[in-house]
Amino acid sequence: MGPNRKVDVPVYDLSVVRGIWEVRVKKYRSRQKKEQERMEKSALTRIDQQWQYRIYCKTMKTKELNQLHHYLERSLLTDTQPYLGRMDQNADVQQQDQRVQQDEEHLDQKNLIFQLEGDRWMDFPRELQWTTYLQEWHVRRTRIRQLPDFLALFTQLTVLEIPKNLITELPPEIGKLSELRRLNVSYNRLSRVPPELGDCEQLERLELAGNHNLCELPFELSSLKQLVHLDISENRFVSIPICALRMTGLQLLDLSNNQLTDLPQDMDRLEELTTLYVHKNNLSYLPVCLTNISTLKMVVVSGDELTCVPTKLCNDPEIKFIRLYDNPSSEKRRKKKEEEEKKRRGKEKRRRWMEQKEEVKDGSEKEFMEAYLSTLKDRDTVPFSTTKVSISCLL
């Protein structure tokens with residue numbers, strides 16, 4: 001190459017290149033989603049599942065099979081015929097086919113529910129994987145730490161209620177529950193939420209209150225446009241998640257008992273918001289943009305540190321503006337106890353103490369607050385302020 005030879009160097013706009021690749025990635029994901037939906041709707045999956053169930057039953061003893069069917073009858077609230085010994089294979093197949101056909105006929109007439117409760121449960125029963133036609137799970141107060149690996153098979157699931165367990169994470173497969181409308185994972189031990197949850201675009205109610213170390217939500221949750229109820233109270237959020245401000249259909253937002261110091265100036269994006277809970281935070285003012293939300297009916301704040309409130313928010317007769325105050329004497333006792341605890345224990349022991357304190361959260365105080373605030377909704381007028389009083393009874 002000579003010293004005077006000119007070389008043409010192509011120059012590209014990075015935003016254009018990025019846009020091209022974003023379009024390609026979007027098309028690729030769209031094709032993947034369509035292929036996945038096609039496979040889920042295919043009859044091959046159900047046929048394979050039925051034969052796997054039959055093979056599984058053939059490996060069990062008669063007593064075990066009877067116990068299995070009794071368990072399904074008790075847990076699934078359906079009429080299950082008991083297994084009557086080793087019958088002819090053709091008759092057994094016909095009986096299974098008839099039962100499957102009856103389940104399909106009555107599927108639209110029933111809401112099939114699975115219920116599990118009690119600290120003796122350490123894991124989900126393996127037999128649950130054969131009942132993918134279920135529409136609701138209600139699992140609470142167990143010692144279960146993770147959801148089963150066959151969760152993705154339950155594509156007809158609309159309600160997943162799993163509060164007050166020991167669950168540490170939600171698997172990415174939860175994004176395959178395309179019909180899910182209500183998810184409650186309150187009072188567990190979550191520290192993060194998988195971005196795949198944003199694929200559950202039919203979700204209407206999401207409750208994540210009282211978890212172990214939850215402080216952020218993934219941006220992918222912005223696609224939950226059908227969401228009307230978001231509860232992320234009793235966590236460690238220092239600011240409102242960006243995705244929450246893009247949930248345009250949100251009607252109730254519970255941010256109470258976090259570590260918020262201010263609210264964003266663009267909260268009026270939530271044009272359909274009716275109820276806002278921000279008490280038990282470190283807020284000193286409320287933004288003026290809240291007055292631009294025409295649908296707002298109730299705002300609950302802590303009045304101890306709040307010094308600046310928009311006048312329109314307080315004087316509007318259509319808005320129930322509620323201030324909550326802590327009992328001064330109990331607040332002093334609490335601070336004194338915290339100082340003594342800090343001196344007595346080191347940093348590591350204090351961290352463990354906080355973790356143990358979080359583990360015993362049961363939501364009783366939150367349930368009391370919800371009951372109290374629900375009574376205020378029906379009143380024509382509300383008290384200017386409310387002081388929390390602790391009462392203990394010795395029986």
Side-chain angles (χ1 to χ4, degrees), residues 163 181-187 190 193 197-198 200-211 214-303 306 309-310 312-313 316 318-324 363 365-367 369-374 376-377 382:
R181 284 174 170 76
R182 192 167 82 222
L183 175 61
N184 184 358
V185 205
S186 298
Y187 302 103
L190 297 182
V193 174
L197 184 61
C200 302
E201 297 181 354
Q202 301 297 322
L203 200 62
E204 299 174 357
R205 187 183 181 101
L206 178 59
E207 299 178 60
L208 299 167
N211 275 283
L214 192 61
C215 60
E216 62 180 357
L217 295 179
F219 182 79
E220 286 78 2
L221 268 59
S222 303
S223 59
L224 302 179
K225 302 301 182 183
Q226 303 295 325
L227 201 69
V228 297
H229 182 114
L230 177 61
D231 184 357
I232 52 175
S233 60
E234 298 187 46
N235 287 300
R236 297 185 180 180
F237 288 90
V238 296
S239 62
I240 296 182
I242 297 176
C243 62
L245 298 176
R246 286 165 170 75
M247 299 172 182
T248 53
L250 210 58
Q251 297 179 11
L252 185 146
L253 178 59
D254 192 346
L255 297 161
S256 61
N257 207 347
N258 277 285
Q259 301 174 8
L260 304 180
T261 56
D262 58 3
L263 298 179
Q265 298 295 330
D266 57 346
M267 280 202 67
D268 49 0
R269 283 179 158 192
L270 305 176
E271 298 177 351
E272 299 183 20
L273 191 67
T274 60
T275 306
L276 177 64
Y277 297 147
V278 289
H279 54 282
K280 289 196 172 183
N281 282 288
N282 300 318
L283 299 177
S284 59
Y285 72 95
L286 295 179
V288 181
C289 64
L290 290 177
T291 60
N292 298 331
I293 306 177
S294 59
T295 57
L296 197 60
K297 299 298 181 184
M298 175 177 282
V299 180
V300 182
V301 299
S302 290
L306 199 63
V309 180
K312 185 180 177 181
L313 206 62
D316 191 341
E318 298 295 326
I319 300 178
K320 291 182 172 64
F321 187 78
I322 302 171
R323 292 182 175 90
L324 299 178
E365 183 177 356
K366 181 176 177 61
E367 292 174 0
M369 288 299 303
E370 288 178 350
Y372 171 70
L373 294 175
S374 65
L376 296 181
K377 289 182 179 180
V382 298

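Below, each value reflects all heavy atoms present in this structure, side chains not excepted, and no hydrogens, waters or symmetry copies.
- Remark: the backbone N or O of Leu283 is not paired with any side-chain donor or acceptor of Asn281 at under 3.5 angstrom.
- Looking at heavy atoms from C-beta onward, Val301 lies out of side-chain contact with Val309 at the 4.5 angstrom threshold.
- No donor-acceptor distance shorter than 3.5 angstrom exists from the side chain of Thr248 to the backbone of Glu271, with no hydrogens or angles considered.
- Looking only at side-chain heavy atoms (C-beta outward), Lys297 and Glu318 come within less than 4.5 Å of each other.
- In this structure the side chain of Val238 never reaches within 4.5 angstrom of the side chain of Thr261, judged on heavy atoms.
- Minimum interatomic distance between Leu306 and Ser284 (heavy atoms only, all atoms of both residues): CD1-C, 3.6 Å.
- Atom CD of Glu216 sits in a sparse spot, with 12 or fewer heavy atoms from other residues, nucleotides or ligands closer than 6.0 Å.
- Counting heavy atoms from C-beta on, the side chains of Leu214 and Phe237 come closer than 4.5 Å.
- Considering every non-hydrogen atom in both Gln265 and Pro287, the closest pair reads OE1-CB, 3.8 Å.
- Annotation: side chain of Leu290 is in contact with side chain of Met267 (closest heavy-atom distance under 4.5 Å).
- Residues Ser256 and Val300 fail the side-chain proximity criterion, which asks for heavy atoms closer than 4.5 Å.
- Remark: side-chain polar atoms of Thr295 are paired, donor with acceptor, to backbone N or O of Leu273 under 3.5 angstrom.
- Pairing each heavy atom of Ser222 with each of Phe219, the nearest pair is OG-O, 2.7 Å.
- A heavy-atom distance below 4.5 Å is found between the side chains of Met298 and Ile322.
- The salt bridge (charged side-chain N to carboxylate O under 4.0 Å, His left out) pairs that include a residue from residues 237-253 number zero, where partners must be two or more places apart or lie in different chains.
- In this structure, the side chain of Ser233 does not engage the main chain of Ala209 through any donor-acceptor pair within 3.5 Å.
- A side-chain donor-acceptor contact under 3.5 Å links Asn258 to the backbone of Asn235.
- Side-chain N or O atoms of Asp268 include none that pairs as donor or acceptor with a backbone N or O of Ile293 at under 3.5 Å.
- The side-chain hydrogen bond (donor to acceptor under 3.5 Å, both in side chains) test applied to Asp316 returns no partner, not counting sequence neighbours.
- No donor-acceptor pair under 3.5 Å is formed between the side chain of Ser302 and the backbone N or O of His279.
- Within the 4.5 Å cutoff, the side chain of Leu221 has heavy atoms near those of the Leu206 side chain.
- Taking all atoms of both residues into account, the shortest heavy-atom contact from Leu227 to Met247 is CD2-SD, 3.4 Å.
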